[in-house]
2 protein chains.
Amino acid sequence: MTTGAKSALSRDAVLDAAAGLVKRHGPGALTMRGLAAELGTAVTSIYWHVGGREALLDALVERTVADLGEIRPSGRTPERRVVSVALGLRRRLRDRPHLVALVHERGLTERMFLPAQRALVREAHAAGLRGARAAEFVRAVQFQVVGHVLVERNRERAPAQHPGEEELWGAETAGDDPALARALACPPDTEQLFLTAVGALVRSLLSAPGA
Amino acid sequence: MTTGAKSALSRDAVLDAAAGLVKRHGPGALTMRGLAAELGTAVTSIYWHVGGREALLDALVERTVADLGEIRPSGRTPERRVVSVALGLRRRLRDRPHLVALVHERGLTERMFLPAQRALVREAHAAGLRGARAAEFVRAVQFQVVGHVLVERNRERAPAQHPGEEELWGAETAGDDPALARALACPPDTEQLFLTAVGALVRSLLSAPGA
DNA sequence: ACCTGAACACCGTTCAAGT
DNA sequence: ACCTGAACACCGTTCAAGT
């Protein structure tokens with residue numbers, strides 16, 4: 001009833017094609033004319049169904065956020081459960097790098113975190129945090145997770161960071177710590193780094209006395 | 001000798017005007033034709049001096065990174081000194097929000113952290129961390145700081161996060177913690193949040209035994 | 001209600017031509 | 001060596017017109 005089998009153009013069909021284009025070739029590849037060509041219609045039909053490019057991107061972003069779905073914590077201690085939520089969100093975001101970039105560019109980065117927020121509040125309560133302290137905990141984890149994914153995505157996209165860390169840490173810069181120079185000279189294991197950082201943050205915030 | 005007083009177009013003059021445009025009206029406002037108009041020359045002159053738009057952006061990004069300058073730690077304990085470095089970098093990045101966005105979009109996010117990296121290594125050593133553990137510490141702080149600034153900048157740019165946290169936490173969603181609902185319903189104090197998060201991460205990583 | 005082509009005002013870039 | 005205008009191939013968007 002909604003998406004006919006052959007050619008009846010619909011709002012959903014337009015959004016599907018647009019999402020496919022972005023997912024495959026990035027947001028830059030989403031042009032009204034290219035999209036129309038992909039759909040086999042005139043450019044102006046898109047305007048009738050979803051409006052201009054801004055409206056199209058808004059709808060795409062809305063869709064992406066909705067598609068993230070629920071996140072169920074796993075593990076026995078609050079710390080483990082929070083880390084599992086963080087890992088789950090990270091995986092979801094990494095699955096749609098281009099769409100996440102779109103959401104970010106359009107200023108809705110925070111909304112990507114909403115599905116995880118309720119779960120996090122529960123864990124904060126389970127760990128004994130309440131009120132403003134619990135809110136601060138949730139926010140800190142939120143910024144940490146989303147921020148990490150943004151930085152991570154960025155590194156993977158940039159093949160050569162010209163005078164990057166690689167040649168900066170050419171073994172003699174580090175004074176007397178060759179192991180450190182070696183570690184900083186090659187790209188980080190971002191998953192391991194994510195685990196370490198989130199774990200450290202959560203451990204610290206769940207155990208600290210009132211600030 | 002470099003930038004003549006009146007009209008001699010030079011590479012630096014072009015970059016200056018471009019940086020000004022981006023700083024005032026964002027990267028979207030940087031068009032070759034608009035820039036030429038601002039400079040009072042033909043569009044094609046820009047091509048002769050700095051090349052196409054990509055080359056122009058590359059040069060701008062290079063400039064931004066170079067302008068970040070050195071960061072001197074202050075404070076007595078390693079933890080305080082690391083936090084001071086993080087605060088310093090955050091301030092520098094927040095001073096040039098549009099240019100930072102440019103650097104990020106062009107995949108050079110990490111290079112923005114290089115000026116702080118050496119300082120951080122010193123503090124890691126001072127705190128007794130060495131080798132791979134010290135490198136992991138530096139990386140964790142780096143991702144935390146840059147990521148936080150990216151998320152922060154994003155929130156400030158988005159005026160209305162439609163069904164955002166505000167109405168999600170309408171006091172009854174939070175079970176029995178009205179103070180938490182109230183806290184999550186209004187925008188966070190990002191500076192305070194930054195301090196708390198970085199402090200917690202650093203404390204945890206500087207004190208933990210070998211993983 | 002749905003779809004169309006023509007037209008407008010913008011882009012970045014190239015190139016042959018000037019001095 | 002430096003600067004120019006004309007031209008090309010793209011954009012997003014509007015609008016009057018079709019069915």
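Within every chain, numbering begins at 1; the chains are lettered A, B, ... in the order of the sequence lines, protein sequences first and strands thereafter.
In this structure D/dA7 sits in a base pair with C/dT13, meeting the Watson-Crick or G-U test at under 3.5 Å.
Going from atom CH2 of A/W48 over to atom C1' of C/dC2 covers 6 Å, rounded to whole Å. Going from atom CG of B/L9 over to atom P of D/dA1 covers 17 Å, rounded to whole Å.
We find that B/R33 and B/E38 are not joined by a salt bridge, their nearest charged nitrogen and carboxylate oxygen being 4.0 Å or further apart.
Checking D/dA1, C/dG5, D/dT4 against the side-chain heavy atoms of B/T41 singles out D/dT4 as nearest.
At D/dC3, one or more side-chain N or O atoms of B/H49 fall inside 4.0 Å of OP1 or OP2 (strictly under the cut-off). The side chain of B/S45 contributes no N or O atom lying less than 4.0 Å from OP1 or OP2 of D/dC2.
Remark: aromatic rings of B/H148 and A/H148 are distant, center separation not under 6.0 Å.
Atom CD of residue A/E152 and atom CZ of residue A/R94 lie 4.5 Å apart, to the nearest 0.5 angstrom. The distance from atom CG of A/L114 to atom CG of A/L68, rounded to the nearest 0.5 Å, is 10.0 Å.
Side chain of A/S45 to backbone of A/T41: no donor-acceptor contact under 3.5 angstrom is found.
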- Under a 4.0 Å heavy-atom criterion, the protein footprint on nucleotides 7-19 of chain C, written with B, S and -, is B---BBBBB----

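The salt bridge (Lys or Arg N to Asp or Glu O under 4.0 Å) check on B/R53 picks up nothing, with sequence neighbours excluded.
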